[in-house]
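Below is a structure I'd like to ask you about.
Only a predicted model underlies this, so the values are computations on that prediction, with no experimental measurement involved.
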Amino acid sequence: MVRGKIQLKRIENPVHRQVTFCKRRTGLLKKAKELSVLCDAEIGVVIFSPQGKLFELATKGY
């Protein structure tokens with residue numbers, strides 16, 4: 001079974017938008033950590049939430 005393409009557009013409901021942001025932020029940071037470990041790469045990620053809160057990740061190659 002194949003998933004359909006997701007149409008990228010702004011989520012109008014603020015609650016749904018915040019939930020999606022949190023889930024995607026977590027996934028993005030997890031993938032960055034995995035890339036760092038698997039490829040021995042130094043990764044830096046900076047994310048600003050819609051409210052202006054800062055989320056960051058900096059890794060050092062293992």
- Any side-chain heavy-atom pair of R25 and F55 under 4.5 Å: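 A side-chain contact exists here, since the closest heavy-atom pair is under 4.5 Å.
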
- Item | Heavy-atom check, side chain of E56 versus side chain of V45, under 4.5 Å |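 Contact flag for E56/V45 side chains = no.
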
- Checking S36 side chain against A32 main chain: does a donor-acceptor pair fall under 3.5 Å?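 Flag not set: sc S36 to bb A32 has no pair under 3.5 Å.
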
- Message: For the NZ atom of K30 and the CG atom of L35, what is their distance to the nearest 0.5 Å?
- Response: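 The NZ atom of K30 sits 14.0 Å away from the CG atom of L35.
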
- Message: Please check if the number of heavy atoms outside R17 that lie under 6.0 Å from its CZ is greater than 12.
- Response: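 Yes, CZ of R17 has more than 12 neighbouring heavy atoms, counting only those of other groups under 6.0 Å.
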
In residues 2-10, what donor-acceptor pairs under 3.5 Å come from side-chain atoms, sequence neighbours left out?
none

- Task: Hey, could you give me the OG1/CG distance between T20 and N13, rounded to the nearest 0.5 Å?
- Result: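 Nearest 0.5 Å value for the OG1-CG distance: 9.5 Å.
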
- Looking at CG of D40 and OG1 of T59, how far apart are the two atoms once the value is rounded to the nearest 0.5 Å?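 The OG1 atom of T59 is 9.5 Å from CG of D40, to the nearest 0.5 Å.
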
- Do I47 and F21 touch side chain to side chain, with heavy atoms closer than 4.5 Å?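 Yes - at least one pair of side-chain heavy atoms lies under 4.5 Å apart.
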
